[in-house]
Amino acid sequence: MKKIQIINGPNLNLLGTREPSVYGNTTFAAWLEMLKTTYPQCEIASYQSNLEGELINKIQETGFSFDGIILNAGAYTHTSIALHDAIKAVTTPVVEVHISNVYAREPFRHHSFLSAVCKGVIAGFGMDSYRLALEALLAG
């Protein structure tokens, strides 16, 4: 059974209520249950924190023993060299995910400090971005 860790960063605990025009009306808990039902061959764990250091701790904790990490670092994507270094330090492949199309938003969102050290990037497909990332990790 493949072990996949989903890590969500700041403000993603508000999915379903935060800016529905950008992020939709679905809570992450509801989406996670759908993923677990659709992919019973995977053990899917989920973690969310608004604190950068806690995200780094979770990457380090799972980055040597899981088969993949799906990371939506939120705004830390555009600011965190520390997350970049944490991803680079682990052996588990990481897929960077964004619910919105960051390139259709404010210019400061167009740069990611994480993309260069991730296996790939999926952005702009709403909550389905998580499923697409999971498919990419399962495909190898």
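Heads up: numbering here begins at 1 and tracks the sequence. Side chains included, hydrogens not; waters and symmetry mates left out as well; all remaining heavy atoms used.
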Rounded to the nearest 0.5 Å, the OG1 atom of Thr27 sits from the CD atom of Glu33 at a distance of 9.5 Å

Donor-acceptor side-chain pairing of Glu52 and Asn50 below 3.5 angstrom: no

Hey, does the side chain of His111 reach the backbone of His78 with a donor-acceptor pair shorter than 3.5 angstrom? no

Thr77 (side chain) donor-acceptor with Gly74 (main chain) under 3.5 angstrom: yes

With a 6.0 Å cut-off on the ring centroids, do Tyr103 and His110 count as close? yes

Atom pair OG/CG of Ser80 and Leu114 - distance to nearest 0.5 Å: 6.5 Å

Check for me, please, whether Ile4 and Val97 land in the same ILVMFWY cluster - side-chain distances under 4.5 Å, paths through other members count. yes

Check for me, please, whether Val121 and Leu83 land in the same ILVMFWY cluster - side-chain distances under 4.5 Å, paths through other members count. no

Quick one: are Ser46 and Ile44 in side-chain contact, heavy atoms under 4.5 Å? no

Output a table of donor-acceptor pairs, distance under 3.5 Å, between side-chain atoms of residues 126-140 and any protein atom two or more places apart or on a different chain; print 'none' if there are none.
unit_1: Asp128; atom_1: OD1; unit_2: Arg131; atom_2: NE; d: 2.6
unit_1: Asp128; atom_1: OD2; unit_2: Arg131; atom_2: NH2; d: 2.9
unit_1: Ser129; atom_1: OG; unit_2: His98; atom_2: O; d: 3.1
unit_1: Ser129; atom_1: OG; unit_2: Phe125; atom_2: N; d: 3.2
unit_1: Ser129; atom_1: OG; unit_2: Gly126; atom_2: O; d: 3.0
unit_1: Tyr130; atom_1: OH; unit_2: Asn8; atom_2: OD1; d: 2.7
unit_1: Tyr130; atom_1: OH; unit_2: Asn72; atom_2: ND2; d: 3.1
unit_1: Glu135; atom_1: OE2; unit_2: Tyr39; atom_2: OH; d: 2.4

Of all the heavy-atom pairs spanning Ala75 and Pro10, show the shortest one and how long it is. N-CG, 4.3 Å

What's the spacing between Gln48 CD and Ile6 CD1 if we round to 0.5 Å? 12.5 Å

State, with a plain yes or no, whether a side-chain heavy atom of Val95 is found less than 4.5 Å away from one of Leu71. no

Could you tell me which non-hydrogen atom of Gln41 sits nearest to which non-hydrogen atom of Met1, and how far apart they are? O-CG, 3.1 Å

Nearest heavy-atom contact between Thr37 and Pro40 is O-CD, 3.5 Å

Residues that Tyr76 engages under ring-ring contact (aromatic ring centres under 6.0 Å, His included), provided they are two or more places apart: none

How about Leu15 and Leu12: do any of their side-chain heavy atoms sit closer than 4.5 Å? yes

Transitive ILVMFWY side-chain link Val94 to Ile56, under 4.5 Å: yes

Would you say Tyr47 and Gln5 make side-chain contact, with heavy atoms under 4.5 Å? yes

Take atom NZ in Lys36; do more than 12 heavy atoms of anything else shown fall under 6.0 Å from it? yes

Mind checking the CD-NZ spacing from Glu43 to Lys2? Nearest 0.5 Å is all I need. 13.0 Å

Flag yes if Val102 and Ile122 sit in one hydrophobic cluster, no otherwise; membership is Ile, Leu, Val, Met, Phe, Trp, Tyr, and two members link when side-chain heavy atoms are under 4.5 Å apart. no

From Thr38 OG1 over to Leu35 CG, what is the distance, rounded to the nearest 0.5 angstrom? 6.5 Å

Can you see which heavy atom on Gly9 is nearest to which on Leu55, and at what distance? CA-CD1, 3.8 Å

Any donor-acceptor N or O pair under 3.5 Å, side chains Glu96, Ser112: yes

Under 3.5 Å, which donor-acceptor pairs link side chains of residues 60-70 to any protein atom two or more places apart or in another chain?
unit_1: Glu61; atom_1: OE2; unit_2: Lys58; atom_2: NZ; d: 3.1
unit_1: Thr62; atom_1: OG1; unit_2: Lys58; atom_2: O; d: 2.8
unit_1: Asp67; atom_1: OD2; unit_2: Lys3; atom_2: N; d: 2.7

